[in-house]
Protein chains: 2
Amino acid sequence: MESLSIHITINPELYTKNPESSDLGKKIVQTSIEMINDLGFESFTFRKLGVAIGSNESSIYRYFESKHALLVYLINWYWSWIEYKLVFATTNITSAKDKLNIAITLFTQEVKEDNSFTFINKVLLNKIIISESAKAYHTKDVDEENKKGFYKTYKRVVQRVSDMVLEINPKFEFPHMLISTVIEGAHHQRYFSQHLPSLTDVEEGKNNIVRFYTDLVQKIIAK
Amino acid sequence: MESLSIHITINPELYTKNPESSDLGKKIVQTSIEMINDLGFESFTFRKLGVAIGSNESSIYRYFESKHALLVYLINWYWSWIEYKLVFATTNITSAKDKLNIAITLFTQEVKEDNSFTFINKVLLNKIIISESAKAYHTKDVDEENKKGFYKTYKRVVQRVSDMVLEINPKFEFPHMLISTVIEGAHHQRYFSQHLPSLTDVEEGKNNIVRFYTDLVQKIIAK
DNA sequence: AAAGATATGAAAGTATTACTATTAAATTGA
DNA sequence: TCAATTTAATAGTAATACTTTCATATCTTT
């Protein structure tokens, strides 16, 4: 039962006006998730979003200064949510190996259903992360944005799980590399399985992505 | 000595007029590589390129129907070149393990110098692959473009190296997943090392990316 | 219930992008 | 040298990514 009254707080640097503070704000976030999924990030515009929610483009700009800022917001929301799930699923588990396996599964499995506690559709958001999130940090402004904390949530999640790796094998040299490889890799593999299947080895219902990365991590960090 | 009179042939579907067929064409490709590196793909435009090479925007459109098409061309050129290096470096090598190690090194090491046999700067092209190539296939048109062969060269390289994996361990279940994870992973790690260093474990001069992936592959496919 | 503050909407405007189309001039090649 | 091809110049279009201004609606406080 996931329906706790949990609330995900987003760093105020990531919006101009908090979208959670009004109905319009929530509708902007909610509908943008649907539209980015439908149209792809490139074809999605604030003008189209305005039409879809029956609001004005200029009103949307009061919440997010650009569609890029909105994407960054969504990505941070996603990682905050994953972090919450991670902490929730690993507390009271003593075995470091078990904790790590839980984390890897969380990173690599598809989000299939949304036991919703908010207005945000996590199934669609997961798809956005898979298809669009690289666009957020592959910009000429990364360094500047990184300084402002735009990628903090993601980095914190990687740090948490890297610590689990070190708990198992304190001498392992590359924990961050391993974990970010797993996360990004799993997203790529999911995308490839749908669009460029010859780059992957996914078979219907066999859970290969989760199996591959779980096994990979275990073998790599073995002492 | 790499200065063979080797020539990289690009699938004619990937351009409107072959840029290698004229000085203007070569200048378009050559200068676009520099400009995409300097400005980033988003800020790069055919108008700016026209100004830079002292030519007209409309002339550039006779070679490539869009800047996206140009990026796809560059990516294919890159993978053709890697494929050439791969084949060249692995012929006459009998040990499958040695061949695989050569391939992994080729994928994961930085391109540092350009023993040029063409007008294309491979050091810069490698940087474009690292920073921009995900943008080529994270589009709503992937499926269509994939059918037209836009990603064929990359897929062929992955296939070649997957075959090496199977030569070592014919029972290994996920050769394509492994190889595309290594390639994409190494690119990510290189990017992270410069812009989001807490997601990686790169240390100056220690070749960690190559070491990490070489070791990873070896451990994963061990019988 | 009035006054003030704040949020939203409507409309118009700007600079730029990603092209397309037309026509003229230059270059090349048989 | 004549024709074909290539490139350049110019202009034009629809859309994008915003910004600005001002009016109106709604909420808050007294």
Side-chain angles (χ1 to χ4, degrees), chain A residues 12 14-32 35-36 38-74 119 132 135-136 138-141 144-145 150, chain B residues 12 14-32 35-36 38-74 119 132 135-136 138-141 144-145 150:
Chain A
L14 300 173
Y15 48 74
T16 309
K17 180 186 159 100
N18 191 348
E20 293 198 72
S21 69
S22 73
D23 283 351
L24 179 63
K26 282 177 207 155
K27 224 168 182 190
I28 287 170
V29 171
Q30 194 174 36
T31 310
S32 72
M35 290 185 81
I36 292 172
D38 286 348
L39 306 173
F41 187 65
E42 281 69 36
S43 300
F44 165 76
T45 70
F46 279 3
R47 174 161 300 233
K48 289 176 188 168
L49 175 58
V51 172
I53 63 179
S55 181
N56 198 271
E57 208 184 345
S58 63
S59 304
I60 300 166
Y61 278 102
R62 289 206 184 82
Y63 288 85
F64 296 102
E65 68 178 37
S66 64
K67 71 171 175 171
H68 175 254
L70 170 58
L71 180 61
V72 171
Y73 175 92
L74 295 178
F119 56 97
E132 316 289 354
K135 294 168 191 170
H138 282 137
T139 324
K140 279 283 156 181
D141 308 319
E144 214 179 301
E145 296 187 347
F150 281 30
Chain B
L14 300 173
Y15 48 75
T16 309
K17 180 185 157 96
N18 190 348
E20 293 198 71
S21 69
S22 73
D23 283 351
L24 179 62
K26 282 175 206 156
K27 223 164 182 193
I28 288 171
V29 171
Q30 194 174 36
T31 310
S32 71
M35 291 186 79
I36 293 172
D38 287 348
L39 307 173
F41 188 66
E42 282 69 36
S43 300
F44 164 77
T45 70
F46 278 2
R47 174 161 302 232
K48 289 175 188 168
L49 176 59
V51 172
I53 64 178
S55 180
N56 199 270
E57 207 185 347
S58 62
S59 303
I60 300 165
Y61 278 102
R62 287 209 185 79
Y63 289 84
F64 296 102
E65 67 177 39
S66 64
K67 70 171 177 174
H68 175 255
L70 170 58
L71 180 61
V72 171
Y73 176 92
L74 294 178
F119 55 97
E132 317 289 356
K135 294 168 191 170
H138 282 135
T139 324
K140 278 284 158 183
D141 307 318
E144 213 179 301
E145 296 188 345
F150 281 30

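In what follows, every chain begins at residue 1, and chains take the letters A, B, ... in the order their sequences are listed. Predicted model, so just to flag it, every value in this text is computed and none were measured.
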Self-check item: Side-chain touch B:Pro19/B:Val29, heavy atoms, less than 4.5 angstrom
Solution: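 Yes - at least one pair of side-chain heavy atoms lies under 4.5 Å apart.
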
Practice problem: Compare all side-chain heavy atoms of A:Lys140 with those of B:Glu42 and state whether any distance is below 4.5 angstrom. | Solution: no

Exercise. Take the C1' atoms of the five end pairs on each side of the helix from C:dA1-D:dT30 to C:dA30-D:dT1, get both axes, and report the angle to 10 degrees.
Key: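 Comparing the first five pairs with the last five, the axes sit 20° apart.
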
Could you give the [atom1]-to-[atom2] distance, from [X] to [N], as a whole number of Å?
{"X": "B:Ile60", "N": "C:dC19", "atom1": "CD1", "atom2": "C1'", "result": "12 Å"}
{"X": "B:Glu65", "N": "C:dA21", "atom1": "CD", "atom2": "P", "result": "13 Å"}
{"X": "B:Phe44", "N": "C:dA18", "atom1": "CZ", "atom2": "C1'", "result": "12 Å"}
{"X": "A:Tyr61", "N": "C:dT14", "atom1": "OH", "atom2": "C1'", "result": "13 Å"}
{"X": "B:Lys17", "N": "D:dT7", "atom1": "NZ", "atom2": "P", "result": "5 Å"}
{"X": "A:Asn18", "N": "C:dT6", "atom1": "CG", "atom2": "P", "result": "17 Å"}
{"X": "A:Phe64", "N": "D:dT19", "atom1": "CZ", "atom2": "P", "result": "15 Å"}
{"X": "B:His68", "N": "C:dA18", "atom1": "NE2", "atom2": "P", "result": "13 Å"}

Practice problem: Check each of B:Ser32, B:Ser22, B:Ser21 against B:Tyr63 using the side chain to side chain donor-acceptor pair (under 3.5 Å) test, and report the only one that passes. | Solution: B:Ser22

Quiz item: Hey, does the side chain of A:Lys67 reach the backbone of A:Phe44 with a donor-acceptor pair shorter than 3.5 angstrom?
Solution: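 The answer is yes, because a donor-acceptor pair under 3.5 Å joins these two groups.
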
Quiz item: Would a distance-only check, ignoring hydrogens and angles, find a side-chain to backbone donor-acceptor pair under 3.5 Å from A:Lys48 to A:Ser43?
Solution: yes

Quiz item: For DNA chain D, which residues in residues 20-29 of chain A have a heavy atom at a distance below 4.0 Å?
Solution: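 Nothing qualifies; none.
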
Exercise. Can you establish whether the number of heavy atoms outside A:Lys27 located under 6.0 Å from its atom NZ is more than 12?
Key: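 No, not enclosed.
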
Exercise. Sequence neighbours left out, what passes ring-ring contact (aromatic ring centres under 6.0 Å, His included) with B:Tyr61? Give chain and number order.
Key: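 B:Phe46.
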
Exercise. Start with the C-alpha gap between A:His138 and B:His138, add the side-chain angles, then the distance that decides, and say whether side-chain contact (heavy atoms from CB on, under 4.5 Å) holds.
Key: CA-CA 12 Å; A:His138 282 137; B:His138 282 135; over 6 Å; no

Taking atom [atom1] of [X] and atom [atom2] of [Y], what is their separation to the nearest 0.5 Å?
{"X": "A:Thr16", "Y": "A:Leu70", "atom1": "OG1", "atom2": "CG", "result": "10.5 Å"}
{"X": "A:Asn56", "Y": "A:Leu49", "atom1": "CG", "atom2": "CG", "result": "11.0 Å"}
{"X": "B:Arg47", "Y": "B:Ile60", "atom1": "CZ", "atom2": "CD1", "result": "10.5 Å"}
{"X": "A:Ile36", "Y": "A:Thr31", "atom1": "CD1", "atom2": "OG1", "result": "11.0 Å"}

Exercise. Go through the side-chain N and O atoms of A:Asp141 and A:Thr139 and say whether any donor and acceptor fall under 3.5 Å apart.
Key: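 No.
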
Exercise. Answer yes or no: does a side-chain N or O of A:Ser66 lie under 4.0 Å from OP1 or OP2 of D:dA17?
Key: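 No, A:Ser66 has no side-chain N/O under 4.0 Å of OP1/OP2 on D:dA17.
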
Practice problem: Check salt bridge (charged side-chain N to carboxylate O under 4.0 Å, His left out) between B:Glu20 and all other residues, then give those that pass, not counting sequence neighbours. | Solution: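 Partners of B:Glu20 by the salt bridge (charged side-chain N to carboxylate O under 4.0 Å, His left out) criterion come out as none, since no residue qualifies.
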
Please produce a list of atom pairs where a protein N or O lies less than 3.5 Å from an N or O of nucleotides 15-17 of chain C.
none

Exercise. Using heavy atoms and a sub-4.0 Å distance, could you list which residues of residues 51-58 of chain B are near DNA chain C? By number, please.
Key: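 Listed by number, they are B:Glu57, B:Ser58.
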
